[in-house]
Every structure is written in C-alpha cells, then in structure tokens.
Amino acid sequence: MSDANARLERLTSMLKRRGIILPAFEIHGGVAGLYDFGPVGGRLRRRLVDSWVEHWTSQGDIVEIDSPTITPESVLIASGHVGEFNDYMSECKACSGAFRSDHLVAQNHPNPDILTSEQLDQLIAEHAIECPTCGSQDWNDARPMNLMFDTRIGAMKGGRTAYMRPETAQGMFMLYPALYRHFRNRLPFGAVQTGKGYRNEISPRQGMIRLREFNMAELEYFIDPAVEIEHDFTPWTSTLFNLVPDPEHGEPVQMVPGEAAQKNVIRHPTVAWFMARTWSFLVSVGIDPEKIRFRQHEGTEMAHYATDCWDAEIYGSYGWIECVGIAHRGCFDLQAHESATGDKNLRAWRPYDVPKSVDKTVLSGVGSVIGPAFRANAGKVHDALGKIDAPGPSPPFELDLDNGSTVTIQAGMYEEKHIQSTEHGEWFLPHVVEPAFGIDRILWHILDHAFDESGKGDDGAYTVLRLRPRVAPIDVAILPLMEKDGLEEMAMRIHQKICSVRQLISYYDGSGSIGRRYARADEIGVPWAITIDHESLESGTVTVRRRDDGAQIRIPVDQLSSHLTSEELESMF
RNA sequence: GCGGAUGUAGUGAAGGGGUUAUCACCUGAGGUUUCCAACCUCAUGUCACGGGUUCAAAUCCCGUCGUCCGCACCA
C-alpha cells in the first residue's frame with residue numbers, strides 16, 4: 001500500500017473515532033454514499049456553511065433563500081433534468097463501453113428519445129448495431145440511468161410525481177420574481193441557498209467525494225447581458241491562478257484573474273470575478289492555495305444548461321477533485337421555466353437610454369359597424385385592421401384574420417387612427433452566473449489539508465488538525481491541570497461561561513494527563529486550550545496554549561471570551 | 001451492473017471445528033502527577049445477517065446484505 005493510501009486510512013479512521021465523519025446507518029449495515037457528521041463534524045460543517053453564506057451575503061447584493069428539496073416533476077422537466085437524467089444506456093459485452101441507447105439507434109428511428117428499453121433493445125438487435133469502440137454487436141439490455149430519487153407528493157394513486165432535487169439552483173429560479181421585487185427591479189443581484197441535494201449514484205466511491213445525499217451551496221447571480229459590469233479585481237492583482245483552459249482554447253497558464261478576463265482566457269468577466277471570489281473563500285476556510293486550480297469544461301462535458309463553465313478543483317488524497325463549478329448558464333433556466341409555464345414574471349426591465357417614440361397612423365375599425373357585420377369575429381377584425389398602416393388598400397379589400405378566415409372590408413368600416421406612444425424600455429431574460437459548491441468535497445479537503453502528522457519529537461505519530469479558527473468545530477478546550485483543589489470547579493465555570501457566549505463552543509476535559517488532553521484537542525483541531533492551575537485560583541489568570549506550536553501566554557480569565565470572539569488572541573503571542 | 005477481495009471491540013490488527021476469542025491504541029473509574037499522548041490498578045465493549053453440516057460453528061458450506069478495489073458510470 002502506498003504512503004498516500006496509508007495516510008488516507010489513518011485520516012479516515014481518525015475522523016470516525018473522533019466523531020467527525022462516520023458511515024451512516026452503520027448498525028443496520030451501512031449504505032454506501034451516505035455519511036453522518038458526528039458531534040465534531042456537525043459543527044465543522046455548520047461553520048463552513050455559515051462562512052460560505054457570510055462570504056457572499058457580505059457583498060451586499062446577494063440574499064439567502066431556502067426552498068424545498070421535494071420538487072414536482074414539471075419543474076425538473078422544464079429545467080432539463082428529467083430528460084437528461086432519464087436516458088437509457090447500453091453496455092457492450094465485449095469491451096464494456098457504455099453508450100446512450102437512443103444515440104445508437106439514431107439512424108434507425110425518427111425519434112428514439114421516446115422508446116422504451118425493450119424497443120431500444122429490439123432496434124439494436126434488428127439493425128445489428130455495432131459498438132462504436134470495438135465493433136462488437138453483443139449488447140447488454142438497455143437500462144435507465146436516472147440519477148434522481150423519485151417520490152410522490154400525496155398518498156395513494158392520485159399522488160403527483162416528484163423528485164428529490166438534484167441541485168438547489170431551481171429554487172432560486174422559482175423565486176426569481178420575489179428576488180426581482182426585493183431588489184427593487186434592479187440588476188444585478190443574486191441569491192444563495194445551502195442544503196441537501198440528491199443523486200442516486202450507481203456506485204458511490206471515494207468516501208466523501210461521491211455521495212448520494214450531499215450538501216450543496218449554490219449562488220445564482222442574475223445579470224443584464226447587455227451591461228458590462230466593472231468588476232474590481234484589485235484584491236487579486238498579485239495572486240496567480242492556475243488556469244487549465246479547454247485544450248481547444250489553450251495551454252494551462254498561471255495568470256491573475258483580471259488579466260485572464262481581459263485576455264479572454266476566461267470568456268466572461270463576471271465568471272472571472274466569481275472565480276476570484278471563490279478562490280478567496282476556499283483559502284479563507286483553510287484550503288491550501290497551492291492545491292487549487294481552475295479547469296475549463298470542454299464542449300462535450302458541459303452540462304446541458306451551461307455556456308461556459310470553469311471548475312475549481314482541489315488536490316487531495318483522491319487527486320484533483322472538482323469542488324466548485326462556476327457556470328455561465330445564459331438565460332437557459334429562466335427561459336425554460338417561462339416557456340413551460342407561460343409566466344410573465346421571469347424577466348427584467350431594461351430602460352432605454354433614450355425612449356423610443358412610436359408615431360404612426362393605422363387603421364381602426366368602427367365598432368358600431370364591425371360589430372353587427374362580423375359578430376363573433378369582430379374582435380379579430382379589429383386586431384387585423386390595427387396592423388395595417390394607413391392609408392391601407394382601397395376598399396373594398398380582403399382581410400386575413402389570424403384564425404385563418406378571410407373577410408371583406410367595406411368603406412366605412414374603419415377610419416384612420418393616429419397612434420403616438422413612447423417605449424421607455426424592454427423586458428428581457430436575465431443571464432445567470434452560477435457558482436455551485438460541493439460542501440462535502442470542500443470539507444473533505446479542508447480536513448485533508450489540515451491533517452498534519454509531522455509530529456513532534458522522534459517518533460512522529462502526533463496528529464494535529466490545523467483548521468482555521470473560523471471553521472474549527474470547537475473554539476477552545478478548558479482543562480484543569482488536575483481535578484482537585486477547586487481547579488475543576490473553576491474550569492467548569494469557565495466552560496459554561498464560554499459556551500453561553502453566542503458563537504462560541506468550548507469543551508471541558510479533565511481526564512488523563514495534561515499532555516494527553518492537549519493531544520486530544522489537537523487531533524480535532526481545537527485552536528486554543530485554556531489551562532487552569534493553582535495560580536488561576538489566586539490571580540484569576542489562565543494559560544492559553546496555541547495549538548499550532550504549543551506556545552503559551554497568560555491572560556486574565558475575564559478577558560477570555562472577548563478575545564475569542566474578536567479573534568485577537570493570535571496577535572497576543 | 002460485471003469481475004476480484006473482504007466483513008473479528010470505538011480504531012487498527014492477530015487467530016481459528018472445542019466450551020473463558022487475543023493484542024495494541026482508544027474510552028471510562030480510581031491512584032499518581034504543578035503543563036504537552038508518562039505510569040500503576042481495574043473496567044466497558046467484538047466474530048455482519050440468515051440457513052446448512054456437526055455432539056459442538058466465530059471458524060467449514062450455501063445464501064443475503066454491506067464494504068473495498070478494478071471496469072463502467074459520474075450536472
């Protein structure tokens with residue numbers, strides 16, 4: 001076994017032993033692709049998600065929403081997920097190549113998309129379809145590849161088909177009208193949502209990398225495609241990003257994001273800007289900047305909705321893993337929902353710089369004549385006349401109505417009407433830039449990058465989880481030097497006081513030698529350990545030990561929670 | 001879904017047709033200890049599930065389930 005695999009096993013078993021990440025439902029045998037966050041991991045995840053939400057909402061034009069995970073089928077039909085996820089696959093028995101069954105029979109059927117698996121198998125057999133890879137004609141039966149968990153809304157047969165959402169994004173699109181009102185009809189604006197997404201993976205592998213139920217965090221940023229946003233790239237003027245463009249577009253380069261946008265390596269400046277903001281987030285929660293790269297999707301691998309997509313990949317025990325997808329989705333989703341529902345509220349209003357005035361003369365039916373003459377068709381006649389610029393053909397003339405019939409218009413049935421109006425703008429479909437984060441994958445890499453076994457002394461074998469304080473599950477360990485002479489009472493009081501402070505969590509540990517307790521705290525990444533000794537009883541001061549180097553200072557106990565809250569302990573060493 | 005491997009305490013491992021299943025770490029209690037996994041004593045906790053063979057199954061056989069690895073799949 002390689003060293004890397006051995007390290008991975010030690011990390012995994014530590015995560016399980018210390019209650020960070022554990023296989024779910026284990027007493028019932030476990031289920032691949034489902035994990036629990038334990039007493040330590042649960043808080044780590046919460047801190048990570050909170051950091052993420054704060055990172056985006058601090059921008060000022062982004063709000064948080066939350067929508068159901070159960071999603072009616074029609075939503076996912078409109079979004080394309082049902083079509084995309086419902087394909088049948090055929091596998092070649094000879095070379096194990098897997099192909100979409102409908103593509104295999106595309107030449108043999110006008111609309112293979114609608115065929116059942118039996119029909120597909122029959123067509124493949126009839127036409128002796130060859131495997132595109134190896135030429136064999138021996139196929140396994142077509143099987144559906146729907147990766148969504150289905151369910152029903154409502155009991156019994158009357159229930160409506162629904163799916164567990166495969167992404168959170170649709171919730172933001174459903175709420176577009178509410179967001180548009182909230183932001184007083186002004187683009188750009190965005191919404192974030194964090195929560196669970198579901199994919200019924202055929203065979204989940206690689207631990208936290210491919211899950212059946214996973215934590216997502218997605219941002220939809222709505223922009224006017226006609227307006228070039230001036231993004232401020234100055235925070236990253238000396239930060240070189242590792243960029244791996246689509247091979248058709250160029251070689252991997254290191255470049256600051258502003259330049260990459262300017263030189264069109266990244267095609268859209270807003271995409272570049274979100275890539276930069278994403279980089280900053282990842283680094284702020286403890287991802288090693290050396291292990292981040294951005295890779296552009298190739299045309300063939302692009303999701304069905306995306307027009308340009310860059311993945312943030314993080315390097316860890318499983319190699320380079322896609323952890324964030326930043327996609328320019330164009331107007332795909334809003335348009336899809338608009339045409340599926342006919343809803344008129346999925347657009348934004350763009351005022352013209354100079355209002356367009358309309359000044360024309362058209363024909364206008366005379367109601368008192370047309371009404372009796374055409375009765376039920378009168379309305380259509382009015383509409384058709386209104387489209388004819390004055391003076392129009394000389395009467396009598398034939399007029400085509402939009403219901404296909406033709407009527408004869410006599411003089412006196414209409415008059416000329418002068419129309420003068422001003423158009424101040426137009427309705428358009430906003431475009432969307434979507435950064436979508438796989439929280440579990442990021443969390444995994446935080447742990448992976450923080451897991452330090454370099455040890456101290458000769459024997460090595462000392463584990464420290466070097467988590468950033470902002471994501472550390474526990475802020476501080478409270479350790480009485482010994483559990484006697486009143487040290488334990490004082491320690492317990494401090495512990496309870498810290499825990500009562502908003503956003504702070506401590507834990508009390510009085511068992512084992514002081515060194516063992518430091519080691520336990522280090523292993524789950526507690527950044528600070530407070531030790532209460534006899535001097536504490538007399539002077540009201542305690543020692544603060546820094547996880548990363550064991551250095552200690554002594555501070556008054558009543559300053560503890562304020563120092564922890566303000567994160568200024570670091571500067572006191 | 002296919003092929004291979006595998007399932008023994010919280011973790012990691014050893015063992016194996018025989019009645020009390022072993023070891024280390026971990027965890028807990030007590031002792032000791034005035035700051036970095038010290039030490040001593042004690043304790044909790046385990047053979048995935050179901051069936052078969054057998055006087056006796058954790059061990060052998062069959063099945064199921066789970067897990068791991070490879071193939072394939074993977075917005």
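Residue numbers begin at 1 in each chain, while the letters A, B, ... track the order of the sequences. The shown structure was predicted, so the numbers you read here are calculated from the model rather than taken from an experiment.
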Write down the distance separating the P atoms in C71(B) and U59(B), rounded off to the nearest Å. 34 Å
Given the C1' atoms of U54(B) and G17(B), what is the spacing between them in whole Å? 9 Å
For A58(B) versus G50(B), give the span between their P atoms, rounded off to a whole number of Å. 11 Å
Strictly below 4.0 Å: does Arg199(A) bring a side-chain N or O up to OP1 or OP2 of A75(B)? no
Does NZ or CZ of Arg293(A) lie under 6.0 Å from the centre of the six-membered ring of Tyr315(A), at an angle within 45° of the ring axis? no
Is Ser511(A) near enough to G28(B) that one of its side-chain N or O atoms lies under 4.0 angstrom from OP1 or OP2? yes
Across the strands shown, which category fits Gln552(A) at heavy-atom distances under 4.0 angstrom: base, sugar-phosphate, nothing? base
Which of these, Phe332(A), Tyr221(A), Phe222(A), sits in a side-chain contact (heavy atoms from CB on, under 4.5 Å) with Val432(A)? Phe222(A)
Compare side-chain N and O positions of Ser513(A) against OP1 and OP2 of A38(B) and report whether any pair is under 4.0 Å apart. yes
Name the orientation class of the two ring planes belonging to Phe149(A) and Tyr198(A) (parallel below 30°, tilted from 30 to 60°, perpendicular beyond 60°). perpendicular
Work out how far the C1' atom of C61(B) is from that of C68(B), and round it to whole angstrom. 24 Å
Span that lies between the P atom of C62(B) and that of G12(B), in whole angstrom: 28 Å
With a 3.5 Å cut-off and just heavy-atom distances, do the side chain of Arg516(A) and the base of C36(B) make a donor-acceptor pair? no
Does Arg10(A) have a side-chain nitrogen or oxygen under 4.0 Å from the phosphate oxygens OP1 or OP2 of U11(B)? no
Which word best sums up how the rings of Phe437(A) and Phe281(A) line up, parallel for under 30°, tilted for 30 to 60°, or perpendicular for over 60°? perpendicular
Answer yes or no: does a side-chain N or O of Arg17(A) lie under 4.0 Å from OP1 or OP2 of G12(B)? no
